[in-house]
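Only this structure's heavy atoms are used, side chains among them; waters, hydrogens and symmetry mates stay out. Just so we're clear, the structure is a prediction, and the values are computed from it rather than from any experiment.
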Amino acid sequence: METEDRLVRTEYSEIMQKSYIDYAMSVIIARALPDVRDGLKPVQRRTLYDMYELGIRYDRPYRKCARIVGDTMGKYHPHGDSSIYEALVVMAQDFKKGLPLVDGHGNFGSIEGDGAAAMRYTEARLEKITQEAYLADLDKDVVDFVPNFEETEKEPKVLPVKVPNILINGAEGIAVGMATSIPPHNFGEVIDGVIAYMKNPELNTAQMMEYIKGPDFPTGGIVTNQDDLLSIYATGTGKIKIRGRVEIEKGKGGRDRLIITEIPYTMIGANIGKFLNDVCALVETKKTNDIVDLSNQSSKEGIRIVLELRRGADVDNLCSLLYKKTKLEDTFGVNMLSVANGKPETMGIIPIIRHHVEFQYELATRKYSTLLAKEQEKKEVQEGLIQACDVIDLIIEILRGSKNIKEAKNCLVNGETGNIKFRSERSKKKASQLRFTERQATAILEMRLYRLIGLEVEALLKEHEETLKKIALYEDILSNRASMAKVIVKELRAFKKEYARPRRTEIDNVAEAVYVEKKIEEKEVAVLIDRFGYARTMDVAVYERNKEAADSESRFQFLCKNTDRICIFTNKGQLHMLKVLDLPYGRFRDKGQPIDNVSNYDSSQEQLLYLNVLNSIINQKLLFGTASGMLKQVAGSEFDVSKRTTASTKLADGDEVIFIQALYPDAAGETIVMQSEKGMFLRIETASIPEKKKSAVGVRGIRLAEDDRLTHIYLLEAESDVMTAEYEQSKVVLNRLRIGNRDTKGVKR
């Protein structure tokens, strides 16, 4: 039977929009953001649950991380082994997590950014706190389980975490169109805050902050904007300023040493190396002369970065410089975004704790409902066994007279005696009055004879009393919210007693670092740039003594102030600014430094056409000429910019600058000669070239053939000497060329 194809006509943009929204929500909910209840992302939750299922407990041997990662990927998280292993590693790093959840054995990376060893080499197991506060009671139906990706296993929707992990360990994640960044906090303080909220749910943010003072980073440091924390914790967003801790040690010979013992949390990893490079750059660029040596003496015992200072160094000013110019003072952006009730939501500290407390009541309700049901089942069985002990002779008679277990059980439950042989009618009558429950009858039939011993009967009665006490306790907890709160608080206090640690991060209001830059003594220097692009500066007197050698060896040489800036114009239409202070200052025979290293100029990609001091060209006009014959004059003041690199002119596709020269304002009678590849020459007056903005292309100077281009442009002053140009092994005297009009073809030579 043939089936007709069914076409569904729909707007393509609608399909794209729906598909993208589905994808975005999948990333937000199922990958990137933590759940406000357990503070875990799905990959973290699945990894911990898998370790729990594999029995890798804190008091058992370590297991290979490859085993954990493979099992997690195969059962619960089919998104690649690297993401699972990375999550496992981070949960084991005490410098990233306020409370590590995994006990790692082997190389799990370092605070300086060294990566962990491959998963086949490292081992791990659960931490004790993880087992007690994150994974306990999973067997008591406290959370819902859902099918895994292939519906062959069950996994928890959320872990029954008993402490506010989202605050204790913080979270970082980038989703689609949103990101979360929650700082870690002190374990003991957060527990105190939760208990205070449970006692008084009307607490406001300011009152909560009497318990939770602020973030507590594993790396310590100093939070410098305490006054901003109230707003941050009320709204869930803001910026926390963190400084490293700097100590001053007295060294030999009156030299002080700065010792950095704690770093900002944001400096973890590659930023420690960047900090060291930034300090070196401050010395190289002469921002400071106070540092004579730098060494990183950090070890497993902690951070120790040592800066050796010169005698008489201004320590306070140097510290301010480090805070201003390096990562020693940094900003931690707070955005307390998490998934609540299936939706991403930015919350302050009170809503986060409210969600946690509600979750604890839900866990406790489900836990004690399960325990109560088990105790009630136990009570039913115990009562049946106690009752059976009183009529044990009759029960034995029923069992001996029954043909099968079904008849015996029917008699115990319903009093059916028809097919059972009794010794007497009296026994039969008593048997017909029996009314045990199904569960009791099963327990009686499975009971062993040793339970009839006197001491065993007493133990059964005592056990029954304990069961009744537990039932009363559980019923009280379930029916009385105050009783449930008392149980939760008791458990929280036990966790605090065992796992709380002193605060590491100091919280204070610190005045913003003020760095007073030493005023540079302005003086005249000589700048020399050789044909290889190496540049250096020297004292004018030194230059004057070696002027002949200096001029012969240099492509550019000029005098200027050491505070000046040098303009580098290239054939690509770029202007690169270079500070004279960035050039090495020294003796005549010093090699210097490539201008590529101290500016954005790249000699491998562009050609230097014109170079001059900004102060020299600022009152002049620059004449630009390109290979396609475009000309313009530009006021030098347009190049007084703060950027290190900017466009000096606008170029058409495939065009390049071939000529730049300064024109003096008072000069009259100046002309230029344009020479093309095919021997076309045109001489025009510079006065005929209009002034344009640097962002303009310019005007056409010569009308070229389609396959012709300019190769040279010559500037002839009114009283200049005879100037010649070469073309096809013959010389052309430029001064004798007739002055023509702009935008004409010129003459052939």
Criterion side chain to side chain contact (heavy atoms under 4.5 Å, CB included) on L276 and I305, from CA distance to verdict: CA-CA 9 Å; L276 298 174; I305 299 172; 3.9 Å; yes

Worked check of salt bridge (charged side-chain N to carboxylate O under 4.0 Å, His left out) between E670 and K621: CA-CA 13 Å; E670 282 185 326; K621 293 178 182 177; over 6 Å; no

Mind running side chain to side chain contact (heavy atoms under 4.5 Å, CB included) on V641 and K694 for me, showing each step along the way? CA-CA 12 Å; V641 293; K694 67 177 182 179; 3.7 Å; yes

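The distance from the CD atom of Q574 to the CG atom of L609 is 12.0 Å, given to the nearest 0.5 Å. The distance from atom CG of L258 to atom CG of L309, rounded to the nearest 0.5 Å, is 4.5 Å. How far CG of N509 is from CG of D227: 3.5 Å, rounded to the nearest 0.5 Å.
Taking the six-membered ring for Trp and the full ring otherwise, F659 and Y714 have centroids separated by 6.0 Å or more.
The pair D290-R310 meets the salt-bridge criterion, since a charged nitrogen lies less than 4.0 angstrom from a carboxylate oxygen. For the pair R257 and E308, the salt-bridge criterion is met [side-chain N within less than 4.0 Å of a carboxylate O]. Taking 4.0 Å as the cut-off between side-chain N and carboxylate O, K250 and D256 count as a salt-bridged pair. Between K731 and E726 there is no salt bridge, since no side-chain nitrogen of the basic residue lies less than 4.0 Å from a carboxylate oxygen of the acidic one. The pair E553-R589 meets the salt-bridge criterion, since a charged nitrogen lies less than 4.0 angstrom from a carboxylate oxygen. The existence of a salt bridge linking E524 and K561 is excluded, since no basic side-chain nitrogen approaches an acidic carboxylate oxygen closer than 4.0 Å. Remark: R565 engages D640 in a salt bridge, criterion side-chain N to carboxylate O under 4.0 Å. One finds a salt bridge joining K327 and D330 here, because a Lys/Arg side-chain nitrogen approaches an Asp/Glu carboxylate oxygen to under 4.0 Å. Contact check on E506 versus R245 returns a salt bridge, with a Lys/Arg side-chain nitrogen under 4.0 Å from an Asp/Glu carboxylate oxygen. Between K678 and D707, at least one side-chain nitrogen of the basic residue sits less than 4.0 Å from a carboxylate oxygen of the acidic one, meeting the salt-bridge criterion.
Residues V315 and I248 form a side-chain contact, since some pair of their non-hydrogen atoms from C-beta on lies under 4.5 Å apart. Considering only heavy atoms from C-beta on, L710 stays 4.5 Å or farther from S628 through its side chain. The shortest side-chain heavy-atom distance between M577 and C567 falls under the 4.5 Å cut-off.
Annotation: L559, atom CG; neighbour count of heavy atoms from other residues, nucleotides and ligands within 6.0 Å is above 12. By the neighbour-count criterion of 12 heavy atoms within 6.0 Å, atom CD of E717 is sparsely surrounded, having that number or fewer from other residues, nucleotides or ligands. The neighbour count for E691 CD, taken as heavy atoms of other residues, nucleotides or ligands under 6.0 Å away, is above 12.
Among residues at least two apart or in separate chains, there is no ring-ring contact (aromatic ring centres under 6.0 Å, His included) pair with a member in residues 524-564. Annotation: ring-ring contact (aromatic ring centres under 6.0 Å, His included) contacts involving residues 722-745, sequence neighbours excluded, are absent. Within the structure, ring-ring contact (aromatic ring centres under 6.0 Å, His included) pairs that include any residue of residues 577-596 do not occur (at least two apart or interchain).
Ring geometry for F569 against F639 counts as perpendicular: the plane angle is over 60°, on a 0 to 90° scale with 30° as the lower cut.
In terms of modelled atom types and a separation under 3.5 Å, the side chain of S554 and the main chain of A550 share a donor-acceptor contact.
When each of I689, D743, T671 is paired with I684, the side chain to side chain contact (heavy atoms under 4.5 Å, CB included) condition holds for I689 and for no other. Among E606, R644, K643, the one residue that satisfies the side chain to side chain donor-acceptor pair (under 3.5 Å) test with H576 is E606.
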